[in-house]
Amino acid sequence: MTIRTRVAPSPTGDPHVGTAYMALFSLCFARQAKGQFVLRIEDTDAARSTPESEQSILDSLRWLGLDWDEGPDKPGPYGPYRQSERLNIYKSHVDELLDKGHAFHCFCTQERLSEMRATQMQNKETTRYDGLCISLSKEAVDEKLAAGEEHVVRMKVPNDGTCVVKDGLRGEVPIEFSQVDMQVLLKSDGNPTYHLAVVVVDHLMEITHIIRGEEWINSAPKHMLLYDYFGWDMPELIHMPLLRNPDKSKLSKRKNPTSIRFYQRMGFLPEAVLNYLGMLGWSMPDGEEKFSLPAMIEQFDVSRISLGAPVFDVDKLKWLNGRWLREDLDDDGFADRISEWAYNRENLKKIIPLIKERVDIFSEVSDMIAFFAAGLPDITETDLEIKNQSADETKKILQFALWDLEAVTLWQKEPLQALFEQLAENLDLKIRDVLAPMFIVLSGKPVSPPLFDSMVIIGPDMTRARIKHGIDVLGGVSKKQNKKLEKEYQTLRRSRA
RNA sequence: GUCCCCUUCGUCUAGAGGCCUAGGACACCUGGUUUUCAUCCAGGCAACAGGGGUUCGACUCCCCUAGGGGACGCCA
């Protein structure tokens, strides 16, 4: 049997380091066993999936040097590798479950479901679908379907008994069936949910080992049940520990830069980032901390994975990157890499139109363009003192802008400009008041080349990171503040719409 | 609230019953090299969550408690 692993990201945002983490371990596992590693795009959520996000996931994984054997851009015998391109196959699978009596139509409204959950929580019960629609007669169901009533298809789950989940790292994890929800398999828009899609396609793609985050362990019984209903062999499961923020919560962009592109933009070497991810939860048998991907593949051993969820420590990543830089790049290599990174002709050509008219002699250039390539500017609270603006107001502007910018998919001058004009209007401010703190957090100075053009060149990840940094310099946003700001932000958005 | 997982220096980790007076690395501190800084080198600080078992012997096995995390969506 050929070992086949996969990584299955959903293209709903920035390429996450967690995705790279799972991809790295999946790849090592497969490559060591001379098997295959597959990249599959899990875009069953039509509303949130974007082609831009998919592209940047592909780009980021490729940048890291994580090459897949089959994927959306690399056709293979098990394609297509994008869930949205195989939506038609799920209907028949759902019908099969329906026929066998393993699934049922559910006509419950969202309101009823959320009320049900609230009551269950109040009664100290497990929140779980109560099975109301199972008892519907065949005639009643047909009638409702004929009338075109909105519905979903849910899987049936035994009422009692225990599901023993076999995990490659933890051994047997018992989960009572009474704790397992009757998962929706087919949404009312006719699309499959992740749970259905992932089971069907992992089977069709002959995936033998599923390496995924620990967050999935509780839904393993659903997946096992589905394999069982279909009469398929269950792949082996390996649940990796979750990467964490310094405060120990699950790694999230609110608290930590989580986009791979941020680390790329910051000037980390892909070898170092990969190496660092490899030493989170795993170690070389000889204890060496610096190792390459081929070395990791050669030495890889699942039993060396430690289960405690590691904190992502940027300081250590920096140290490791320094070692790679010093030990593996000669002067030529250094020159190649740094120009490939930012000081290439193409990049300079984008910058020059912005600075040309502001420059008389070349020696003025480097100061002016430094912030394009820089990381986070060295600014203090004093730098962020804006005329006629309290620190709290400044913080609010930055936070609102950040939230707005997180939603931007088309990172170009015009939409960015429109965004800030709208923000100023909503806040009842002049645009220059909104932009004043932006200049500081982005360039470190109250003046800079044109802001929106600069933002385009700096890129979305670094732009957001610098704004976030500005907010942090102002003391950050407390949980309480955040709640208040969020409320105000939502109100503004609503009135805008 | 219900369920699941986890628990060695602040952080990443080594440790598969005696090799542990618990090792390495980051960070931090001290000193040396360097005209400075960085690098590099030397040294220092610092941990087995707590309580019960099992055993001649427990960081390692079992149980309980505590702490942390995660999952409870027509998101993935």
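Sequence lines set the chain letters: A, B, ... in the order given, protein chains first and strands last, and positions in each chain run from 1. Just so it is clear, the values below take in all heavy atoms, side chains as well, and ignore hydrogens, waters and symmetry mates.
Atom P of B:C9 sits at a distance of 14 Å from the matching atom of B:G23, rounded to the whole Å. For the C1' atoms, the distance linking B:U65 with B:C6 amounts to 15 Å, nearest Å.
At a threshold of 4.0 Å, the pair A:Arg323-A:Asp328 does not count as salt-bridged, since none of the basic side-chain nitrogens sits closer than that to a carboxylate oxygen.
With B:A76, B:C5, B:C4 as the candidates, the nucleotide lying closest to the side chain of A:Glu214 is B:C5. Taking the side chain of A:Lys187 as heavy atoms from C-beta on, and the options B:C6, B:C75, B:A71, the nearest nucleotide is B:C75. When each of B:A25, B:C75, B:U13 is scored by its nearest atom to the side-chain atoms of A:Trp319, the top-ranked nucleotide is B:A25.
Looking at heavy-atom distances under 4.0 Å, A:Met121 makes contact with a base. Using a 4.0 Å heavy-atom cutoff across all strands shown, A:Val152 reaches at least one base atom of the nucleic acid. Residue contacts shown for A:Cys108 include a base, since a base heavy atom lies under 4.0 Å away.
Checked by atom type, the side-chain pair A:Asp73/A:Trp68 shows a donor-acceptor distance below 3.5 Å.
Residue-to-nucleotide contacts include a donor-acceptor pair under 3.5 Å from the side chain of A:Arg48 to the base of B:C75. Taking 3.5 Å as the limit, the base of B:A25 and the side chain of A:Lys316 contain a donor-acceptor pair of atoms between them.
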